[in-house]
Amino acid sequence: MKTKTTLLLLPVFIFFFRMEITRAQTISASLREMVSGSGIGASVSPQLALNTERQSFSAGINIQNRSNNISGLRGNYSFTINPGDAAEIFLFYDIGWHYNALLGNYVVHQESSLNPEFSDYYAGARIKTLEQHIGFGMNKYITGPLQLFFSAGAGYYTTLNCPQQNLFWFREKNNFSLLLSAGIKINIKRFN
């Protein structure tokens, strides 16, 4: 139900983004390191973005740090409150779909200590998860087109498929989640 409601907001974001389409646009590439409360551990997401003065849409893949496993896709929408400042503050909506994710090392350790006879299962279990977060962040310009960014958000994850979910004592099937991320972004091309 919450997923459907959030996906219904996507046309609203697209409407506001189209209103700015006549302003200067840039295409940028970013590399984002993130961790969330969904239990899959840290991951890296290389992304491409289309940016206007205040808004940005980006999309890319998720690569889990634990095994360099490509685990799914990620999309992000952000709105900059103070464009052009040396430290830009932005609000964001982030959605991540993990279709082939391994559990993070922390969750594997916790589950294995609670239920040691299934530790091999936890280490190799593949799960499908959808996570969504909203929050705020900061872009910090370094030099020219290069910038660092940091963000934090709160949201919800839901497990779409997990074989033998009943074996989990620590990781819940659906729960609230925090997202922390940091990364680097570079503008590739500017359109006027």
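Quick caveat: nothing in here was measured; it's all calculated off a predicted structure.
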* Asked: Between the side chain of Y122 and the main-chain N/O of L167, is any donor-acceptor distance below 3.5 Å?
  -> yes
* Asked: Within a strict 4.5 Å, meaning less than it, do heavy atoms of the Q55 and S78 side chains meet?
  -> no
* **Spacing of CD1 belonging to I142 relative to NZ belonging to K140, to within rounding of 0.5 Å** => 7.0 Å
* **Test log, rule side chain to side chain donor-acceptor pair (under 3.5 Å), inputs Q147 and N187** => CA-CA 9 Å; Q147 59 183 283; N187 291 334; 4.8 Å; no
* Calculate, to the nearest 0.5 Å, the distance between atoms OG1 and CD1 belonging to T143 and I186 respectively. => 9.5 Å
* Hey, does L180 have a side-chain heavy atom less than 4.5 Å from the side chain of M34? -> no
* Would you say the side-chain atoms of E53 pair up with the backbone N or O of P83, donor to acceptor, closer than 3.5 Å? -> no
* Asked: Going by atom types alone, do S38 and T129 pair a side-chain donor with an acceptor below 3.5 Å?
  -> no
* Between the main-chain N or O of H109 and the side-chain N or O of S112, is there a donor-acceptor pair closer than 3.5 Å? -> no
* Are W97 and Y93 connected, step by step, through hydrophobic side chains (Ile, Leu, Val, Met, Phe, Trp, Tyr) whose heavy atoms are closer than 4.5 Å? -> yes
* **Exam field: side chain E111 to backbone R171, donor-acceptor pair closer than 3.5 Å** => yes
* Linked, directly or transitively: I40 and V108 (ILVMFWY side chains, under 4.5 Å) -> yes
* Between CD1 of I188 and CG of L48, what distance do you get to the nearest 0.5 Å? -> 6.0 Å
* Heavy-atom check, side chain of R126 versus side chain of N69, under 4.5 Å -> yes
* Which of parallel (below 30°), tilted (30 to 60°) and perpendicular (above 60°) describes F170 and Y106? -> perpendicular
* To do: Please report the closest heavy-atom contact between T159 and N174, naming both atoms and the distance.
  => N-OD1, 3.2 Å
* To do: Measure from the side-chain N and O atoms of N76 to the backbone N and O of Q47, and report whether any donor-acceptor pair falls under 3.5 Å.
  => no
* Asked: If you measure from the Lys or Arg side-chain nitrogens to the Asp or Glu carboxylate oxygens, is any gap between E88 and R54 under 4.0 Å?
  -> no
* Tell me yes or no: between the side chains of H133 and S177, is some donor less than 3.5 Å from an acceptor? => yes
* To do: Mark yes or no for whether E131, through its side chain, and Y156, through its backbone, hold a donor-acceptor pair below 3.5 Å.
  => no
* What heavy-atom pair brings R74 and N62 nearest, and what distance separates the two atoms? -> NE-OD1, 3.0 Å
* Under 3.5 Å, side chain of S45 to main-chain N/O of I61, donor-acceptor pair present? -> yes
* **Side-chain touch Y77/S58, heavy atoms, less than 4.5 angstrom** => no
